[in-house]
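Have a look at the structure below before the remarks.
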Amino acid sequence: MKVALASDHGGINIRKEIANLLEELNIEYVDFGCDCNTSVDYPDYALPVAEKVASGEFDRGILICGTGIGMSIAANKVKGIRCALVHDTFSAKATRAHNDTNILAMGERVIGPGLAREIAQVWLTGEFEGGRHVARIDKIKAIENKYL
Ligand code: RB5
């Protein structure tokens, strides 16, 4: 698995925690920044990660900002992206099993690094259940095709 990772200035600490986790799990990843402590615009970091996942260059993406909300909204504008904003391990497992999400968003002003690490680990290892969920994802794709 190859993971694209990015944050804005509001998510730098959790991004570092997730980078450490990916290294520990021997998961290949590329860190797309941000590289500064000054204020940056989260869509500038969500877009390249979302495009790289949508194109298949990366299998998954992880995006962190202050709340995770801006990153998730921006990423979900890219066709083929199913990004879940997650702040608990139950949802992390469920969104892989039911939604086959390919990007995880989290908010550093909402949760601490320890929980973020647990969420990411559950999400990275969670399997899509398929079955009845395939038709639901096909309906999401139909919405994309109608509006994007
Ligand atoms: C940055 O101040 C903040 O707006 C951003 O990190 C994020 O929370 C947006 O949704």
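Ligands are counted one by one from 1 in listed order, and the atoms in each one are counted from 1 as well. Heavy-atom basis, side chains included; hydrogens, waters and symmetry copies ignored. We're numbering straight along the sequence, starting at 1.
- Nearest protein heavy-atom neighbour of atom 6 (O) of ligand 1: Asp8 OD2, 2.6 Å.
- Classification of the His133-His98 ring pair by plane angle, with boundaries at 30° and 60°, yields parallel.
- Set against the non-hydrogen atoms of Gly66, the atoms of ligand 1 under 4.0 Å away are 5 (C), 6 (O), 7 (C), 8 (O).
- The closest protein non-hydrogen atom to atom 9 (C) of ligand 1 is Tyr42 CE2, 3.4 Å.
- Looking at Val40 and Tyr45, their side chains come closer than 4.5 Å, going by heavy atoms from C-beta outward.
- Residue contact check: Arg109 has heavy atoms under 4.0 Å from atoms 1 (C), 2 (O), 3 (C) of ligand 1.
- Under the 4.5 Å side-chain criterion, counting only non-hydrogen atoms from C-beta, Ile62 is not in contact with Tyr29.
- Using a 4.0 Å cut-off between charged nitrogen and carboxylate oxygen, Arg117 and Glu17 count as a salt-bridge pair.
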Mind running side chain to side chain contact (heavy atoms under 4.5 Å, CB included) on Leu21 and Gln121 for me, showing each step along the way? CA-CA 8 Å; Leu21 173 70; Gln121 184 154 5; 3.7 Å; yes
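- The part of His9 lying near ligand 1 is the side chain, judged by heavy-atom distances below 4.0 Å.
- When Gly107, Ser39, Gly70, Ser7 are ranked by how near their heavy atoms come to atom 10 (O) of ligand 1, first place goes to Gly70.
- Contacts of Thr67 with ligand 1, taken as heavy-atom pairs under 4.0 Å, involve both backbone and side chain.
- At the top of the distance list for atom 7 (C) of ligand 1, counting protein heavy atoms only, stands Cys65 SG, 3.3 Å.
- Within a 6.0 Å sphere centred on NZ of Lys2, heavy atoms belonging to other residues, nucleotides or ligands number more than 12.
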